[in-house]
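So the structure is just underneath, and the comments pick up after that.
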Amino acid sequence: MEGEEVCGIVAYVGPRRGAELTTLLVGGLSRVEYRGYDSAGVAWTGDGSHPIMVVKCQGKIADLEEGLEGIENRLSGAAIGHTRWATHGDPNETNAHPHRSCRRHVAVVHNGIIENEDLIRRALRDRGHVLQSETDSELLAHLIGEFLNGDPLEAVRTALETVQGDFALAVIFRDYPDRVIFARRESPLCIGVGDGEYWVASDPASFMEHTRKIIDIGEDQLGVISASADPVIVDFGNVPVTAKIEEIDWDIEEAEKDGYEHFMLKEICRQPASLTDSMRGRLLPEGGVHLGGLLDHRDVLQDMQYCVLPAAGTSLFASMVGEILIEEIVGVPAVARNAAELANRQHLVFPRNTVFWAASQSGGTADTLSAIRRAQALGHRVFGLCNVVGSPVSRETDGGVHLHAGPEIGVASTKAFTSQVLLFQLICLYIRRLRGQEDLPWMGRYLEEMRRIPKLAAGVVAQSDLIRSLAERFYQGYPSFYFLGRGILYPVAMEGALKLKEISYLHAEGYPMAEMKHGPIALIDERFPTVVLVPQGDDHYEKIVANIREIKARKGIVIAVASQGDDRIAEIVDEVIYVPRVTYYLLPILYVIPLQLFAYHMAVLRGCNVDQPRNLAKSVTVS
Ligand code: M6R
């Protein structure tokens, strides 16, 4: 399964040079800036008589443009550019791409993750390489430089033989200033075909204003573009691949959204990929868990006696799931708390050895930061679960995990929720092992299902059209909705209600199912639908059925999200969406997807601005 793409690559060979080449690279990079940006850079070979030149900077493409001011005329030869959204190392100038080999005769831009990074880094150091950055990508420049022996394509192929992980890369060589070598595995890359000029890019948006002719580079392929010959593509066994030129028949805006109508829909539908990325290199084949950001804190985790999970919005609901996971898998009491409420309390008292787990997609939420600072001032250790590397949460916490879910652009958070829930599970399993707690009989199945969760999520996403038909029935004439769940699905019900209200502007409330009869049921009538989350095999299944009957008895409409194969539920509710049966702890990941899609389709049908709903910002940086 392909990973979620987070950085942008553009490379060029052809007659353009100087200011024209600068504009082409900068323009190409700004077309993919929507994928996320924290740093950017370009490199070029010139005529091969000097080391490869690099200009890079922290910040946006506009900052790169500023950095190139006054030297635009120097750009010539083969050129590569990159816009980065950090997954390894801080988003600073040193970690920005392109990266060069020690002798500055090779430069690389890379998207993806090198899984055996530690091993390669140690080996290169042992062989005398001086590494500048904290990135895995720099290792590729050094490796390729080492293997270069008269054939640049062969050097890239041999270097990649030692690499485990994903890559899309473009490489230039001082001694071969007429060509760019490229390679891909599980990370998209394509060639733009011009008239005597070629591009290699992670996204055709980078070259579409110059050419609409495209060659898609296949999985596990590498090759060469040069201005004087047709592109050459081979597989890793050096067998030539026939390049097929196609015509792009969509526009740039569509390209950014990968053909989806909105970023939110793209982010919902790409959850199989973001979940894969969040798990990659962490859930080990033998069932162990590797979390590099917690390695230095093993003593604290061993002694941990209480957990507090401060967060806001969707991250708070993911933390409410985290609370249950910590209590049940690790056996340590835990509580999710609204970050602002926690930070504003005058007196805070927590048991000794309390550990804080602060989840935040953006890492910039002021309320969450206040809670983190408050906890640290009280002397507690704080770990983050954050998507944006280099963000305040990721800098200020004592350790933690990055979500690796890729940039989330839609204001309504979707894929961050499923990645946070997944990472809470990995954290719990990691701590459990660390504390010497033995595996329980059901855990084998749990781990096996966790590995399959991206695939199972893909099956749920595939029901988008069905959920749209459901939304077609409800988008008019139903001003309020309840979302009900029990146990681990209660936070999911809260999240479903939040999604609906924030993008479709309908009134929605999430409740623990049993709470209905304590008041909320008074509002139920034939115009007030209720979405119920019903997992089969749940100890409380019969109680859920009884709750549904109570709503039906008041003429309420019930929409159920239920387990595949649960035919009984279909007989008592009005509408049902099925999701696969999985271990209890994984339910939130599968049950939230229909709710995200329901909110999305309702909002679209109601003509709302899905990606930028009124009154909201992606990151709430004021408290
Ligand atoms: O970036 P964070 O996860 O810290 O953001 C927290 C909330 O502001 C965020 O989840 C917000 O509720 C979203 N609009 C929900 O879709």
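Both ligands and their constituent atoms are indexed starting at 1 by order of listing. What's counted below: heavy atoms across the whole structure, side chains too, no hydrogens, waters or symmetry copies.
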Check whether any side-chain N or O of N92 sits under 3.5 Å from a backbone N or O of T94 as a donor-acceptor pair, and report yes or no.
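Yes, N92 side chain to T94 backbone: donor-acceptor pair under 3.5 Å.
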Counting N and O atoms only, with roles assigned by atom type, does the side chain of Q376 sit under 3.5 Å from a partner on the main chain of E396, one being a donor and the other an acceptor?
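At least one qualifying donor-acceptor pair exists.
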Just list the side-chain donor-acceptor pairs under 3.5 Å for residues 330-345, sequence neighbours left out, or say none.
{"unit_1": "N338", "atom_1": "OD1", "unit_2": "A340", "atom_2": "N", "d": "3.0"}
{"unit_1": "N338", "atom_1": "OD1", "unit_2": "E341", "atom_2": "N", "d": "2.9"}
{"unit_1": "N344", "atom_1": "ND2", "unit_2": "A340", "atom_2": "O", "d": "3.1"}

May I ask you to check if ligand 1 and Q420 share an N or O to N or O distance below 3.5 Å?
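Between Q420 and ligand 1, no N or O pair is found under 3.5 Å apart.
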Should T314 be counted as touching ligand 1, given the test is an N or O pair under 3.5 Å?
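T314 vs ligand 1: N/O contact under 3.5 Å present.
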Taking atom types as modelled and ignoring hydrogens, do the side chains of Q596 and Q271 form a donor-acceptor contact shorter than 3.5 angstrom?
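Side-chain D/A pair, Q596 to Q271: present.
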Regarding Y446 and Q425, do their side chains bring together a donor and an acceptor under 3.5 Å, going by distance alone?
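Result is yes, a qualifying pair exists.
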Show the atoms of ligand 1 that are less than 4.0 angstrom away from any heavy atom in [X].
X	result
A412	16 (O)
K499	15 (C), 16 (O)
S315	2 (P), 3 (O), 10 (O)
Q361	1 (O), 2 (P), 3 (O), 4 (O)
V411	13 (C), 14 (N), 16 (O)

Would H507 and F481 count as a close aromatic pair, with their ring centres under 6.0 Å?
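Judged by ring-centre distance (under 6.0 Å), H507 and F481 do not meet the cut-off.
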Flag yes if more than 12 heavy atoms outside K60 fall under 6.0 Å of its NZ atom; otherwise flag no.
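Atom NZ in K60 is not crowded, with 12 or fewer foreign heavy atoms closer than 6.0 Å.
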Excluding sequence neighbours, so at least two apart, what forms ring-ring contact (aromatic ring centres under 6.0 Å, His included) with Y482?
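For Y482 the ring-ring contact (aromatic ring centres under 6.0 Å, His included) partners, ignoring immediate neighbours, are Y511, F528.
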Starting from [atom], what is the nearest protein heavy atom, named by residue and atom, and what distance separates them?
atom	answer
atom 7 (C) of ligand 1	A312 O, 3.7 Å
atom 8 (O) of ligand 1	V620 CG2, 4.0 Å
atom 14 (N) of ligand 1	E502 OE1, 2.8 Å
atom 12 (O) of ligand 1	G313 CA, 3.3 Å
atom 2 (P) of ligand 1	T365 OG1, 3.2 Å
atom 1 (O) of ligand 1	S362 OG, 2.6 Å

Walk me through it: do N387 and H404 pass the test side chain to side chain contact (heavy atoms under 4.5 Å, CB included)?
CA-CA 6 Å; N387 201 28; H404 293 171; 5.7 Å; no
